[in-house]
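Report on one structure; see the data block that follows.
We number each residue from 1, following the sequence as shown. Any value given below was found using the heavy atoms of this structure, including those in side chains, with hydrogens, waters and symmetry copies removed.
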Amino acid sequence: MHQGTVASGTIRAYPGRASVLPGERLVLHVATASRRFRVHFYRWRDGFEAMHSSSWQAGERARERGPGQDWGWPAYAFAIPGHWPSAVYIAHLETAEGKTPLSLGLDAAAALFVVRGQRRGGMLYKLPLATWHAYNLSGGGCFYVNPAPSRDPPGARVSLQRPGGGIGGPAWGPLDHYDAASQRHTFAHWDARFIRWLARQGYAPEFCTDLDLHADPALLLRYRLLVAAGHDEYWTAQTRDAVEDFIAGGGNAAWFGASLCRWRAHLVDAGRALVCHRGGARDQWWPAGGAGRPEDHVSGASYRHGGAWRDGARHSGGFIVQQPGHWVFTGTGLQRGEAFGADTWPPLAGCTCDGAPLDTFDRASGLARLSAWADQDGTPGGYQLLAACPLDRRWPELPARERHAAGEGVHAAALGLFERGGTVFSAGTSDWAQVLADGRDRKVERITRNVLDRLLLH
């Protein structure tokens, strides 16, 4: 357990709740050895937009604690103006000794929060707060290393009341070969890029966290389209119920990520901590010995039919088009069997990929065939495989899938779509945001606009 005091000249913070409405009060828990500090608030769109600076506050020291504990740092309340738009905001802290550079880095003296919206219609962008905290190493542990035990429910426990959770704390995992400047499983790596692209294209989403949907499922019902990107891995049953009810009721969803809804998590202690049993099937969504609710029902795809390549340079032949006449490909000029996203930096097939259950992938024609068992494996009825990127045995992690041991059967990243009340699109790759945001592939940009524009209107 870490019991050190925040060092002299430094300052760290975390929000009591990472989401507020306009006009509410944001509570920041702050520890510093400085005699005083203040907070500069920025909105994130096409970069940082300065919004407000607080008055000076009296600083207090506080101790670091373990990863599963409530750190209990001194609380400071700040009024959020009623006119602030829904957005992701960064609270950047300045001490009497000076202001650290403004950044989205893990060592930034900053905390992230969302101001939720209240309009009807349009796009709602969901941030994966549970996943960020699953990988958050503040206190020396997370779900992946030195986990804090939980007995009720059994599993590993991480506190939401500690620095990190997207920014301002360390995160577990190897650095990205293609982007060592930002750690995976943080706001900077995937979501900040996608949000910046949305702003530059003129889209104006409102924002929430996954745990907002856990607490208030009706929040979703005001919107037409739910969007998420990157790595949205840990879902509570309440969050999942809210999303599936939204889709069944005619709402649309667009998933520009992978490893989506892979693990079931449990919110405990009145929403102050998260528990997941990762030692077996218990908190995996798909198996009968776990939740018995395949994640394919949410997106049409699953990590168990895809794979991962987390370290070093990746190799793939790109996404091979299966149905070029589909509206998703309008304006791209892509033909059947043609590939895209093979030569981008990074490759479009990302560090994690979600796939559909395929029986064959003919490399000569570039055409794939869904398994005859697809519906029994959890694939939604009417699922359309639009493009797929086969993952060969060079990929370090090809998980076990139904009727196949690990590494066996056809594994691929699957770009697809299905309808169940509303329409659901899934890109099947974690790194869509990197390729999209930096303009590295015009076809990827056009597909993204096609999906968003269609699902916002229909």
For salt bridge (charged side-chain N to carboxylate O under 4.0 Å, His left out), just list the numbers for Asp46 and Arg200, CA-CA rounded to whole Å, side-chain angles, deciding distance to a tenth of an Å, and then say yes or no.
CA-CA 7 Å; Asp46 186 3; Arg200 289 178 175 178; 2.8 Å; yes

Check whether Tyr144 reaches the backbone of Leu137 with its side chain - one donor and one acceptor, N or O, closer than 3.5 Å.
no

What orientation do His40 and Tyr42 show, parallel under 30°, tilted 30 to 60°, or perpendicular over 60°?
tilted

Side chain of Asp431, backbone of Leu348: donor and acceptor closer than 3.5 Å?
no

Taking side chain as C-beta onward, heavy atoms only, is Leu274 less than 4.5 Å from Leu267?
yes

Just checking, any donor-acceptor pair under 3.5 angstrom between side chains of Ser159 and Gln161?
no

Quick one: are Thr423 and His458 in side-chain contact, heavy atoms under 4.5 Å?
no

Heavy-atom pair of closest approach, residues Ala308 and Pro396:
O-CD, 3.5 Å

Go through it in stages, so that I can follow the logic: the residues are Glu233 and Thr352, the test is side-chain contact (heavy atoms from CB on, under 4.5 Å), and I'd like the CA-CA distance, side-chain angles, deciding distance and then a yes or no.
CA-CA 11 Å; Glu233 186 176 8; Thr352 56; over 6 Å; no

Is the Tyr89 ring parallel, tilted or perpendicular to the Phe113 ring (thresholds 30°, 60°)?
parallel

Kindly say whether Trp132 contributes a backbone atom to a donor-acceptor pair with the side chain of His185 at under 3.5 angstrom?
no

Picking from Asp232, Asp212, Asp210, what satisfies side-chain hydrogen bond (donor to acceptor under 3.5 Å, both in side chains) with Lys126?
Asp232

What one should report as the nearest heavy-atom pair of Pro294 and Arg304 is CB-NH2, 4.0 Å

Go through it in stages, so that I can follow the logic: the residues are Asp438 and Arg193, the test is side-chain contact (heavy atoms from CB on, under 4.5 Å), and I'd like the CA-CA distance, side-chain angles, deciding distance and then a yes or no.
CA-CA 8 Å; Asp438 295 330; Arg193 286 182 162 96; 4.2 Å; yes

Please tabulate, for the side chains in residues 168-178, all donor-acceptor contacts under 3.5 angstrom to protein atoms that are two or more places apart in sequence or on a different chain.
| unit_1 | atom_1 | unit_2 | atom_2 | d |
| --- | --- | --- | --- | --- |
| Asp176 | OD1 | Tyr178 | N | 2.8 |
| Asp176 | OD2 | His189 | NE2 | 3.1 |
| Tyr178 | OH | Arg314 | N | 2.8 |
| Tyr178 | OH | Arg314 | O | 3.4 |

Side chains of Thr379 and Pro357: closer than 4.5 Å at any heavy-atom pair?
yes

As an exercise, state the distance from CD of Gln284 to CZ of Arg262, rounded to the nearest 0.5 Å.
6.5 Å

Less than 4.5 Å apart, any side-chain heavy atom of Cys353 and any of Leu391?
yes

Does a donor on one side chain and an acceptor on the other come within less than 3.5 Å for Trp285 and Ser302?
no

Would Arg162 and Glu64 count as a side-chain contact (heavy atoms from CB on, under 4.5 Å) here? Give the steps.
CA-CA 9 Å; Arg162 57 189 176 130; Glu64 297 181 351; over 6 Å; no

Atom pair CG/CG of Leu160 and Leu129 - distance to nearest 0.5 Å:
6.0 Å

So, Thr344 and Asp441: side-chain donor and acceptor under 3.5 Å apart, yes or no?
no

Nearest 0.5 Å, please: how far is CZ in Arg264 from OG1 in Thr239?
13.0 Å

Once the angle between the rings of Trp190 and His231 is folded into 0 to 90°, is it parallel (under 30°), tilted (30 to 60°) or perpendicular (over 60°)?
parallel

Check for a donor-acceptor pair, side chain of Arg116 on one end and backbone N or O of Leu219 on the other, with a separation under 3.5 Å.
no

Go through the steps to decide whether Leu28 and Trp73 satisfy the test side-chain contact (heavy atoms from CB on, under 4.5 Å), and finish with yes or no.
CA-CA 9 Å; Leu28 289 179; Trp73 281 359; over 6 Å; no

Any chance you could measure Tyr125, atom OH, to Ser86, atom OG, to the nearest 0.5 Å?
13.0 Å

Closest non-hydrogen atom pair, Ala18 against Thr209
O-CG2, 4.2 Å

Short question: side chain of Thr32, backbone of Thr10 - any donor-acceptor pair under 3.5 Å?
yes

Polar side-chain atom of Ser19 near backbone of Cys208 as donor-acceptor pair, under 3.5 Å:
no

So, Arg420 side chain and His297 main chain: donor-acceptor pair closer than 3.5 Å or not?
yes

Thr448 and Trp432: CA distance, side-chain angles, deciding distance, side-chain hydrogen bond (donor to acceptor under 3.5 Å, both in side chains) verdict
CA-CA 9 Å; Thr448 308; Trp432 190 277; 2.9 Å; yes

Any non-hydrogen side-chain atom of Leu213 less than 4.5 Å from a side-chain atom of Gln238?
no

Here the pair of heavy atoms bringing Tyr383 nearest to Ala414 is OH-CB, 3.6 Å

Using the ring of each side chain (for Trp, its six-membered ring), is Phe256 parallel, tilted or perpendicular to Phe425, with breaks at 30° and 60°?
tilted

If every non-hydrogen atom of Trp56 is compared with every non-hydrogen atom of Ala96, which pair is closest and at what distance?
CZ3-N, 4.0 Å

Would you find a donor on one side and an acceptor on the other, under 3.5 Å apart, between the side chain of Arg222 and the backbone of Arg119?
yes

So, the side chain of Gln57 versus the backbone of Ser55: is there a donor-acceptor pair under 3.5 Å, distance only?
yes

Quick check: do Leu220 and Leu226 have side-chain heavy atoms less than 4.5 Å from each other?
yes

Electrostatic pair Asp269:Arg157 at N-O distance under 4.0 angstrom:
yes

Closest non-hydrogen contact found for Cys142 with Asn136 is CB-O, 3.3 Å

Measure the shortest side-chain to side-chain distance between Tyr223 and Met123 over non-hydrogen atoms and say whether it is less than 4.5 angstrom.
no

Examine the side chains of Trp286 and Glu402 and answer whether a donor and an acceptor come within less than 3.5 Å of each other.
no

For the atom pair NE2 (His29) and CZ (Arg12), what is the distance rounded to the nearest 0.5 Å?
14.5 Å

How far does CG of Leu452 sit from CD1 of Ile447, to the nearest 0.5 angstrom?
12.0 Å

Would you mind checking if Glu49 and Arg43 are paired as a salt bridge, meaning a charged N to carboxylate O distance below 4.0 Å?
yes

Evaluate the ring planes of Phe143 and Tyr234, with Trp represented by its six-membered ring, and classify them as parallel (under 30°), tilted (30 to 60°) or perpendicular (over 60°).
tilted

Side-chain touch Arg293/Asp241, heavy atoms, less than 4.5 angstrom
yes

Is a side-chain N or O of Asp283 found less than 3.5 angstrom from the main chain of His277, in a donor-acceptor match?
yes

